[in-house]
Amino acid sequence: MAEVDATSRGSWNTKLGFVLAAAGSAVGLGNIWKFPNVVADNGGAAFILIYIICCFLIGFPVMIAELTIGRRTRKNPVGAFKALSRNKLFALIGAWGIICGVMILAFYNVVAGWTLSFILEEITYSLGFTHAAAFFANLKHGPENALFSILFMGATVSIIMGGISNGIEKATKTMMPILLGILIVMIGYVFTQNGSTEGLQHYLIPDFSKINAKLVFAAMGQAFFSLSLGMGAMITYGSYLNKKQNIPEAASYVVLFDFAVAFLAGLLIIPALFVAQAHGIQIYQKGSLVSSVGLVFQVLPTLFHSMSHWVSLIFGTTFFILLSMAALTSTISLLEVPVSYAIDEHGIPRKKAALLIAGGILVISIFISFDISWIDILASVFNNVGLPLGGLLICLFLGYFWKTENALLEMKEGYENVENSFFGKLWPIFVKYICPILIGIVFFQALEQLF
Ligand code: PHE
């Protein structure tokens, strides 16, 4: 079994442990906070259709590419590109990934902090302390945002300091199944409420006239964000994979699981919006569904508060506990990327690296805490543009410099006959042509619409 000390490179203990850790990275606020919000912003079911295409035709091949690069090199994103080519310029792809990861973690940590403050909001509200509840529900209160960001970063750092199998793997293994269970119970509850069928129709019946360049661009950014792709998180997690594991199989579980959780979250939140409407809350603005960084945080408590006190206490608090757990398994992976870089490339011990880097990112989080409009700005640059750009560069690097034959050779360990399989014939075509072309077209279309 892999024992982890402060500096050695750890590894995942079991296959399930890896799949759950990678799924834990993928499943997070992206699925439960952001996905329903972009769905609402882009007209419902039509978005989901394009999102499915982005996840399976672009996300899945890119995830395999990242995991394979990681396992082959056993390195952080910068070290990985350095190891695979003599041209040091390629390390810039890894560096770009680390920058995106750091900036994403900076805003992600603030939203993750909200999940903690809403646990307290739900408890205080149910116990009748409405003033305290209103205090915890205020998303625009800087000092409070900063405090919860600090708490959340503290939780992330403490797990990262524990290393791979003892820290990350153990934490995610217990959290993920609970998360799924609570989500399903909540959906069951929402469907007993008035208004939910209208929400279901909105969520599942596509209006194809809504599909345009903006929607496709949003779907692609969302797919990269939700699957933790384009910034080297999967290169890093792949670097802790052992040679017995079948990479494409593991990746398929992660993509399916991530999509399933996003789909379920939408199935909870879009109908919940319509239930809220049945309770007199305004959910449309200028003819489209309200959507904002605060959507989940504003609409859901209203729904919870409409229930009797005890039911509200149980559902409201478990929901936000669930959300904070999902966020934690993702912040862990976001922080692990720069930490593994500091360990591998600069020889800094794990604990020290974790504390230093988390401290630096926290400074940015605290700044964002006082002006949350930065969340949208940073997300549009580092998430919507940064991650697909990273994905594009990873595909081009793998397809034309490291070469797909070498990647297939690496995949052979754990998937013996890969080069003769249907997958082995198709995947190189995706990495070399289909993914870069699709990402390129979406970028081009979006740019054209912008100017
Ligand atoms: N995938 C995570 C989520 O959906 C966010 C994330 C992005 C994590 C990039 C790691 C890397 O919440």
Side-chain angles (χ1 to χ4, degrees), residues 20-39 51 54-55 59-60 62-63 66-67 70 76-77 94 96-115 152 156 159-160 168 172 175-176 179 183 218-239 251 254-266 269 293 296 322-341 357 361 375 378-391 394:
L20 288 182
S25 163
V27 176
L29 293 173
N31 307 59
I32 299 169
W33 159 70
K34 204 156 184 278
F35 181 74
N37 193 36
V38 263
V39 172
Y51 181 69
C54 292
C55 280
F60 179 52
V62 173
M63 181 172 293
E66 285 202 30
L67 290 173
N76 68 91
W96 172 243
I98 292 178
I99 294 171
C100 288
V102 162
M103 297 313 286
I104 287 174
L105 180 54
F107 75 75
Y108 199 97
N109 190 45
V110 177
V111 182
W114 290 343
T115 65
F152 209 91
T156 308
I159 294 178
I160 289 292
I168 306 180
T172 41
M175 290 196 257
M176 296 306 295
L179 186 151
L183 205 52
M220 189 169 78
Q222 175 61 22
F224 272 88
F225 184 73
S226 190
L227 293 169
S228 305
L229 295 175
M231 50 137 305
M234 289 298 159
I235 295 183
T236 311
Y237 271 28
S239 76
V254 177
V255 176
L256 277 173
F257 192 69
D258 186 69
F259 176 75
V261 177
F263 186 76
L264 288 176
I269 284 148
V293 288
V296 168
L322 162 117
L323 199 54
S324 63
M325 293 190 314
L328 186 61
T329 51
S330 300
T331 52
I332 294 168
S333 70
L334 281 160
L335 184 59
E336 180 61 20
V337 175
V339 167
S340 71
Y341 164 75
I357 295 169
I361 297 175
I375 296 176
L378 293 176
S380 11
V381 179
F382 294 101
N383 165 8
N384 290 352
V385 179
L387 298 184
L389 180 65
I394 290 169

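Atoms considered below: every heavy atom in the structure, side chains included; atoms not considered: hydrogens, waters and symmetry mates. Keep in mind that what you see is a predicted model, and the values were worked out from it rather than measured. Each ligand, and each atom within it, is numbered from 1 in the order the structure gives.
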Side-chain contact, heavy-atom cut-off 4.5 Å: [X] with [Y]?
| X | Y | result |
| --- | --- | --- |
| Val110 | Phe152 | no |
| Leu105 | Thr331 | yes |
| Ser228 | Glu66 | no |
| Asn31 | Phe259 | no |
| Trp114 | Leu323 | no |

Q) Does at least one non-hydrogen atom of Ile104 fall below 4.0 angstrom from an atom of ligand 1? A)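 It does not, in that no heavy atom of Ile104 comes within the 4.0 Å cut-off of ligand 1.
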Q | Close approach, Phe224 and ligand 1, non-hydrogen under 4.0 angstrom | A | no
**Q.** Option of least heavy-atom distance to atom 2 (C) of ligand 1 (set: Ala23, Ser25, Gly28, Gly30)
**A.** Ser25
I need the atoms of ligand 1 closer than 4.0 Å to a non-hydrogen atom of [X], numbered in the order shown.
| X | answer |
| --- | --- |
| Asn31 | 4 (O) |
| Leu29 | 12 (O) |
| Ser226 | 1 (N), 4 (O) |
| Met231 | 9 (C), 11 (C) |
| Ser333 | 8 (C), 10 (C) |

What protein heavy atom is closest to [atom], reported as residue, atom name and distance in Å?
| atom | answer |
| --- | --- |
| atom 1 (N) of ligand 1 | Phe225 O, 2.8 Å |
| atom 12 (O) of ligand 1 | Tyr108 OH, 2.4 Å |
| atom 8 (C) of ligand 1 | Ser228 OG, 3.3 Å |

Q) Just by modelled atom types, is the Leu29 backbone N or O under 3.5 Å from a matching donor or acceptor in the Tyr108 side chain? A)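 Between the backbone of Leu29 and the side chain of Tyr108 there is a qualifying donor-acceptor contact (under 3.5 Å).
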Q. Would you say the side-chain atoms of Trp33 pair up with the backbone N or O of Val293, donor to acceptor, closer than 3.5 Å?
A. yes
Q: Answer with yes or no after comparing the ring centroid distance for Phe382 and Phe107 against a 6.0 Å cut-off, counting only values under it.
A: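 Centroid distance Phe382-Phe107: not below 6.0 Å, so no.
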Q: Could you tell me which non-hydrogen atom of Ala223 sits nearest to which non-hydrogen atom of Cys54, and how far apart they are?
A: CB-CB, 3.7 Å
Q.
Can you tell me which portion of Ala26 lies within the under-4.0 Å heavy-atom range of ligand 1? Options are side chain, backbone, both, or neither.
A. backbone
Q | Any N or O of Leu229 closer than 3.5 Å to N or O of ligand 1 | A |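 In this structure, Leu229 places no N or O atom under 3.5 Å from an N or O of ligand 1.
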